[in-house]
Amino acid sequence: MIGAGPVGLFAAHFAHLHGLSSLIFDSLSEVGGQPQMLYPFKKISDIPAYNSINGTALIQNLKSGLPKETEIITNHKVNDIKKNADGFVLDNVVLAKSIIIATGAGAFKPKELPLKMRDEIQKRVHYFIKDPKDFANQKIGVFGGGNSALDLAIELANYANVKIIHRRNEFRGLELNVKKLRSLTNVEILTPYLPKDIQLINNQLDITLKGMGDVQSRHEQFDQIVVAYGFKADNRFIKNWGIELNGTNIAVDPTMKTNIDGIYAAGDVVSYPGRVPLIALGFGEAQIAITSIMRDLFPEKTLTIHSTSI
Ligand SMILES: Cc1cc2nc3c(=O)[nH]c(=O)nc-3n(C[C@H](O)[C@H](O)[C@H](O)COP(=O)(O)OP(=O)(O)OC[C@H]3O[C@@H](n4cnc5c(N)ncnc54)[C@H](O)[C@@H]3O)c2cc1C
């Protein structure tokens, strides 16, 4: 599997149910794709059988459903696929009989705080957070004005003192969340400010905030900061693999096969008329792709379609 977002993770689980072993690559240091990186605390209400589940819990459940022998290689962006007589060689690391491309919106990287900083400062600057409890009883600065920044600030405020800093007076995220933040006594909203400098003074991050327009600049001290400026995604590398695209996404047939035999795709990376970017749909596509792979690899076998038999 290329991509350990929800669809790649579920595809590995479903592959295991069919007796296939799989290895998953992800370009990021954490698995989980968009739900884990972009909206870890948002309540997702459109995944069948979960009335509501947040992004982190969904990914945790998907991870815990994987068999022990599933290998996950993080911090590895797959760049190269070569076909040989035995299958496909990915980046000279692994030989696979079949591939599922589940790269979603693409290999994404956080948009970084545009300030020069030494390593010891960098360690206190976060682009995603796994557990807000790690920040308990600290002074935390959250930078950004979109839904991710607002969600993170609300979640962190359960455990820490939070200041949210945005370059405009208006936030891009939901008004409901802005209202909620304004109602919390341990949250301060600082606008319109841009971060101009960051230093470590007396074991605290000392950040110079430049006031926009005629607003005075100021200094703020934090234990740690979280930057939620969004992510840049890139799927352009897929073209180099000889895969036929439909715009920037992968064209697939109804079996989820790409134009190359043995290479399938599922999730947000694919495109066909009527597709909508939803997790549950990606799960279904992963099931189609794995079933198709089984038919490719074992044409003589009568497939057991259901996970258990009665
Ligand atoms: C703010 C927001 C809210 C959303 N809310 C909902 C919702 O409520 N319900 C819902 O159903 N959907 C929602 N979605 C959409 C949902 O997140 C996507 O449909 C889903 O994440 C697609 O899963 P995926 O596994 O296909 O791709 P992704 O989640 O994008 O994961 C792809 C993974 O592939 C990795 N990758 C990419 N390229 C490479 C490479 N070359 N090598 C190795 N790894 C690579 C990436 O790092 C990433 O981890 C929301 C999306 C956003 C942005």
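Atoms within each ligand, like the ligands themselves, are counted from 1 in listed order.
Residue L38 approaches ligand 1 through these ligand atoms, each under 4.0 Å from one of its heavy atoms: 53 (C). Counting atoms of ligand 1 from 1 in the listed order, those under 4.0 Å from a heavy atom of I279 are 10 (C), 11 (O), 12 (N), 16 (C), 19 (O), 20 (C). Close approach of ligand 1 to G267 is summarised as follows: ligand atoms under 4.0 Å from at least one heavy atom of the residue are 26 (O). In the vicinity of G106, heavy-atom distances shorter than 4.0 Å reach the ligand 1 atoms 37 (C), 38 (N), 46 (C). In summary, the atoms of ligand 1 found under 4.0 Å from a heavy atom of G33, numbered by their order in the structure, are 29 (O), 31 (O), 48 (C), 49 (O). Within ligand 1, counting atoms from 1 as listed, the ones closer than 4.0 Å to a heavy atom of L28 are 47 (O). Atoms of ligand 1 found under 4.0 Å from any heavy atom of A105 (numbered from 1 in listed order, with element): 30 (O). Applying the 4.0 Å criterion to heavy atoms of A102 picks out, from ligand 1, the atoms 32 (C), 33 (C), 34 (O).
Where the criterion is an N or O separation shorter than 3.5 Å, residue side chain and backbone included, K42 meets it with respect to ligand 1. Polar contact with ligand 1: present for V7 (N/O pair, distance under 3.5 Å). Polar contact with ligand 1: absent for I44 (N/O pair, distance under 3.5 Å). Checked by distance only, ligand 1 and G32 stay at 3.5 Å or farther apart across all their nitrogen or oxygen atoms. For ligand 1, none of its N or O atoms has an N or O atom of K77 under 3.5 Å away.
Nearest to atom 16 (C) of ligand 1 by heavy-atom distance, out of F108, Y39, F283, is Y39. Of all the listed residues (Q34, E30, K43, M1), Q34 holds the heavy atom that lies closest to atom 28 (P) of ligand 1. Here atom 41 (N) of ligand 1 lies nearest to F237 when heavy atoms of F237, F231, F10 are compared. For atom 23 (O) of ligand 1, the nearest non-hydrogen atom from the set S45, G5, P6, A11 comes from P6. With atom 21 (O) of ligand 1 as the reference point, the heavy atom nearest to it among P35, A233, S29 is part of P35.
The shortest heavy-atom contact between E220 and L209 is CG-CD1, 3.6 Å. The two residues T291 and Q287 make their nearest non-hydrogen contact at OG1-O, 2.7 Å.
Side-chain contact of Q221 with D206: a donor-acceptor pair under 3.5 Å is present, judged by distance alone. Judged by distance alone, the side chains of E30 and Q36 never bring a donor and an acceptor atom under 3.5 Å apart. Side-chain contact of D26 with H76: a donor-acceptor pair under 3.5 Å is absent, judged by distance alone. Looking at Q204 and D223, their side chains do bring a donor and an acceptor atom within 3.5 Å of each other.
Y39 and V162 fall into different hydrophobic clusters, where Ile, Leu, Val, Met, Phe, Trp and Tyr are joined by side-chain heavy atoms under 4.5 Å apart, directly or via other members. Transitive grouping of hydrophobic side chains (ILVMFWY, heavy atoms separated by less than 4.5 Å) keeps I293 and V89 in distinct clusters. There is no path of hydrophobic side-chain contacts, each under 4.5 Å, that joins I263 to V7.
Ligand 1 lies out of reach of Q36, whose nearest heavy atom is not under 4.0 Å from it. Under a 4.0 angstrom heavy-atom cut-off, V269 registers as lying outside contact with ligand 1. Using a 4.0 angstrom heavy-atom cutoff, P277 counts as in contact with ligand 1. The shortest separation from a heavy atom of M37 to ligand 1 is not under 4.0 Å, leaving the residue out of contact.
At a heavy-atom cutoff of 4.0 Å, ligand 1 is contacted by the side chain of I2 but not by its backbone.
Ranking protein heavy atoms by distance to atom 45 (C) of ligand 1, first place goes to S27 OG, 3.5 Å. Atom 9 (N) of ligand 1 has D46 OD1, 2.8 Å as its closest protein atom, hydrogens excluded (heavy atom only). In this structure, atom 39 (C) of ligand 1 lies nearest to the protein heavy atom T103 CG2, 3.6 Å. Shortest contact from atom 34 (O) of ligand 1 to any protein heavy atom: G3 CA, 3.2 Å. Protein heavy atom in closest approach to atom 26 (O) of ligand 1: D268 N, 3.0 Å. Distance from atom 42 (N) of ligand 1 to its nearest protein heavy atom, with residue and atom name: V78 N, 2.9 Å. For atom 48 (C) of ligand 1, the closest non-hydrogen atom of the protein is D26 OD2, 3.4 Å.
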Can you check side-chain hydrogen bond (donor to acceptor under 3.5 Å, both in side chains) on Q216 and Y193, steps first, answer last?
CA-CA 9 Å; Q216 288 272 306; Y193 290 102; over 6 Å; no
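In this structure, K111 is not positioned above the aromatic face of Y229 in the sense of NZ or CZ being under 6.0 Å from the six-membered ring centre and within 45° of the axis.
Under the 6.0 Å cut-off for aromatic ring centres, F135 and Y159 do not qualify, their centroids lying 6.0 Å or more apart.
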